[in-house]
Amino acid sequence: MTTARLSDIAAQAGVSEATVSRVLNGKANVSATTRQTVLAALDVLGYERPTRLRRRSAGLIGLITPELSNPIFPALAQVIEQVLSRHGYTPVLCTQTPGGSTEDELVEMLVDRGVAGIVFVSGLHADSTADHDRYARLAGRGVPFVLINGYSERIDAPFISPDDRAAMWMAVQHLAELGHERIGLAVGQQRYVPVLRKIEGFTAALREVSGRTREEAEALVHHTLFSVEGGHAAAGALLDKGCTAIVCGSDMMALGAIRAVRQRGLSVPQDVSVVGFDDSPLMAFTEPPLTTVRQPVEAMATAAVDALLEEVGGNAVQRGEFMFQPELVMRGSTGARAR
């Protein structure tokens with residue numbers, strides 16, 4: 001441990017270098033609180049704890065996410081894993097890949113390994129057509145769990161969601177202020193709760209700002225896959241309907257939409273404005289940088305872990321949904337409607 005590192009840790013912990021030295025050398029004359037503060041500073045600065053000071057794992061927590069090709073899922077997983085590690089738990093990341101293990105198989109594997117609890121991200125709980133009894137069976141086995149992105153009143157557990165309706169209001173209002181009247185929405189399949197909510201928010205906002213009927217607003221919604229290719233296909237259909245602005249259900253779809261606009265010899269945002277959803281990593285570096293609605297990943301992930309660990313500790317958390325406010329991030333992919 002060099003002097004420079006000692007001083008860094010001391011500054012981070014708000015204690016003297018001598019105190020840091022005593023903690024690292026396992027000396028007795030340090031309070032438990034101070035010792036914990038110094039060890040937390042080590043963690044924050046990315047230094048490894050000396051072997052004898054490493055915490056034994058408080059247990060395993062399963063984390064089940066969809067595929068990792070959409071950067072929003074690794075972003076959520078990373079924060080969840082960091083928060084779990086801070087509490088001494090070891091995260092076990094399980095990814096559902098097409099043709100790979102199903103959610104039920106992953107749950108079975110995690111329960112067999114004795115996990116203390118499970119975090120589900122955008123799982124079958126978000127699919128309104130899925131059998132939700134599987135979650136009651138899991139609860140019956142004494143395994144606490146928390147669910148992110150997707151709500152069902154049939155599941156007795158804490159839910160963490162971004163406000164999808166508010167997100168669409170923000171996007172539509174922003175585009176309307178730029179003079180766009182014909183605004184389209186590219187989203188995934190209608191059976192998913194976040195999609196249903198986005199459609200509700202989008203159609204309500206469109207009716208409010210442009211005076212359209214419900215039918216006219218719904219005609220400007222195109223269902224597709226949550227992928228670059230899906231966004232590309234949806235944008236083509238919406239451009240054929242004369243849309244000068246397109247709101248997308250994910251950033252990946254927005255990248256596909258931008259590609260579709262360019263293939264027609266048009267440019268973003270001069271001819272067509274595009275808005276994403278998520279603000280996943282690197283969206284500030286696309287060309288043009290993507291205007292998008294940011295999911296509050298840090299707040300949602302932290303709340304999910306906090307709720308789960310309360311349940312693991314035997315303290316029942318309020319059932320139902322904790323809703324988090326998204327935020328419109330304006331960048332270069334939106335502009336005034338061409339006259």
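Starting from 1, each residue takes its place in the sequence as its number.
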| request: Apply the test side chain to side chain contact (heavy atoms under 4.5 Å, CB included) to residues Val228 and Met253: give CA-CA distance (whole Å), side-chain angles for both, the deciding distance (0.1 Å), then the verdict. | output: CA-CA 5 Å; Val228 172; Met253 294 175 85; over 6 Å; no
| task | Evaluate the salt bridge (charged side-chain N to carboxylate O under 4.0 Å, His left out) criterion for residues Arg319 and Glu311: first the C-alpha distance (whole Å), next the side-chain angles of each, then the deciding distance (0.1 Å), finally the verdict. | result | CA-CA 11 Å; Arg319 294 298 187 258; Glu311 296 270 330; 2.6 Å; yes
| query | So Leu185 and Leu238, side chain to side chain contact (heavy atoms under 4.5 Å, CB included) or not? Walk me through it. | reply | CA-CA 8 Å; Leu185 173 64; Leu238 292 168; 5.8 Å; no
| message | Between Cys94 and Leu110, does the side chain to side chain contact (heavy atoms under 4.5 Å, CB included) criterion hold? Intermediate values first, please. | response | CA-CA 9 Å; Cys94 300; Leu110 289 169; 3.8 Å; yes
| field | Ile148 vs Ile80, side chain to side chain contact (heavy atoms under 4.5 Å, CB included): CA-CA, chis, key distance, verdict | value | CA-CA 11 Å; Ile148 298 178; Ile80 291 168; 3.9 Å; yes
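Side-chain atoms of Thr19 and Ser16 include a donor-acceptor pair closer than 3.5 Å. In this structure, a donor-acceptor pair under 3.5 Å is present between the side chains of Ser21 and Asn25. Asp278 and Ser250 share no donor-acceptor pair across their side chains, judged by distance under 3.5 Å alone. Side-chain contact annotation: His180 with Arg337, donor-acceptor N/O pair under 3.5 Å absent. Looking only at atom types and distance, the side chain of Ser210 has no donor-acceptor partner in the side chain of Glu181 under 3.5 Å away. Judged by distance alone, the side chains of Thr291 and His174 never bring a donor and an acceptor atom under 3.5 Å apart. Side-chain polar atoms of Gln270 and Ser267 form a donor-acceptor pair below 3.5 angstrom.
Atom CG of Asp251 sits about 3.5 Å away from atom OG of Ser280, to the nearest 0.5 Å. How far CG of Asp131 is from CG of Leu124: 9.0 Å, rounded to the nearest 0.5 Å. A distance of 6.0 Å separates CZ in Phe277 from CE in Met168, rounded to the nearest 0.5 Å. Atom-to-atom distance recorded for Glu103:CD and Thr65:OG1 is 10.5 Å, nearest 0.5 angstrom. Interatomic distance, Gln295 CD to Gln325 CD, rounded to the nearest 0.5 Å: 12.5 Å. Once rounded to the nearest 0.5 Å, the distance linking CD of Gln12 with CG of Asp43 reads 10.5 Å.
Phe202 has its side chain within reach of Val172: a pair of non-hydrogen atoms, C-beta onward, lies under 4.5 Å apart. By the 4.5 Å heavy-atom criterion applied to side chains, Met323 and Phe159 are not counted as neighbours. Proximity of Thr244 to Asp271: side-chain heavy atoms (C-beta onward) are nowhere separated by under 4.5 Å.
Contact between Ala116 and Tyr89 at its shortest, heavy atoms only, is CB-CE2, 4.4 Å. Here the closest heavy-atom approach between residue Ile183 and residue Ala176 is recorded as CD1-N, 4.2 Å. For Gly188 against Val195, the heavy-atom pair with the smallest separation is O-CG1, 3.5 Å. Summarising the geometry of Pro71 relative to Ser69, their closest heavy-atom pair is CD-O, 3.4 Å, with the distance given to 0.1 Å. Glu218 approaches Thr203 most closely through the heavy-atom pair CG-CG2, 3.8 Å. Taking all atoms of both residues into account, the shortest heavy-atom contact from Val275 to Ala171 is CG1-CB, 4.1 Å.
In the hydrophobic clustering of this structure, Met252 does not group with Phe226; members are Ile, Leu, Val, Met, Phe, Trp, Tyr whose side-chain heavy atoms approach within less than 4.5 Å, directly or through other members. Put simply, Trp169 and Val247 are part of two different groups of oily side chains (I, L, V, M, F, W, Y) that touch within less than 4.5 Å, one to the next. Under a hydrophobic-cluster definition in which Ile, Leu, Val, Met, Phe, Trp and Tyr are linked whenever side-chain heavy atoms come within less than 4.5 Å, directly or via other members, Val193 and Val146 are assigned to different clusters. Both Val79 and Leu84 are part of a single hydrophobic cluster, where members link through side-chain heavy atoms under 4.5 Å apart. Two different hydrophobic clusters hold Val293 and Val274 under the rule that ILVMFWY side chains link at heavy-atom gaps under 4.5 Å.
Using a distance-only test at 3.5 Å, with no hydrogens or angles considered, a donor-acceptor pair links the side chain of Glu67 to the main chain of Asn70. A donor-acceptor pair under 3.5 Å is formed between the side chain of Thr286 and the backbone N or O of Leu290. A donor-acceptor pair is defined here as one N or O able to donate and one able to accept, closer than 3.5 Å; no such pair exists between the side chain of Thr334 and the backbone of Ser273. Between the side chain of Ser152 and the main chain of Arg154, a donor-acceptor pair closer than 3.5 Å is present. Judged by distance alone, the side chain of Gln96 and the main-chain N or O of Ser101 form no donor-acceptor pair under 3.5 Å. Formation of a donor-acceptor pair under 3.5 Å by the Lys198 side chain with backbone atoms of Cys248 is not found in this model.
Aromatic ring orientation, Phe120 versus Tyr135: perpendicular (interplanar angle above 60°, classes split at 30° and 60°).
For Arg134 and Asp104, the salt-bridge test passes: some basic side-chain N is under 4.0 Å from an acidic carboxylate O. A salt bridge links Arg264 to Asp240: one of the charged nitrogens lies within less than 4.0 Å of a carboxylate oxygen. Between Arg141 and Glu108 a salt bridge is recorded (basic side-chain N to carboxylate O distance below 4.0 Å). In summary, Arg331 and Asp279 engage in a salt bridge, as defined by a charged side-chain N under 4.0 Å from a carboxylate O.
Crowding of Gln78 atom CD: a count of heavy atoms from other residues, nucleotides or ligands under 6.0 Å not exceeding 12.
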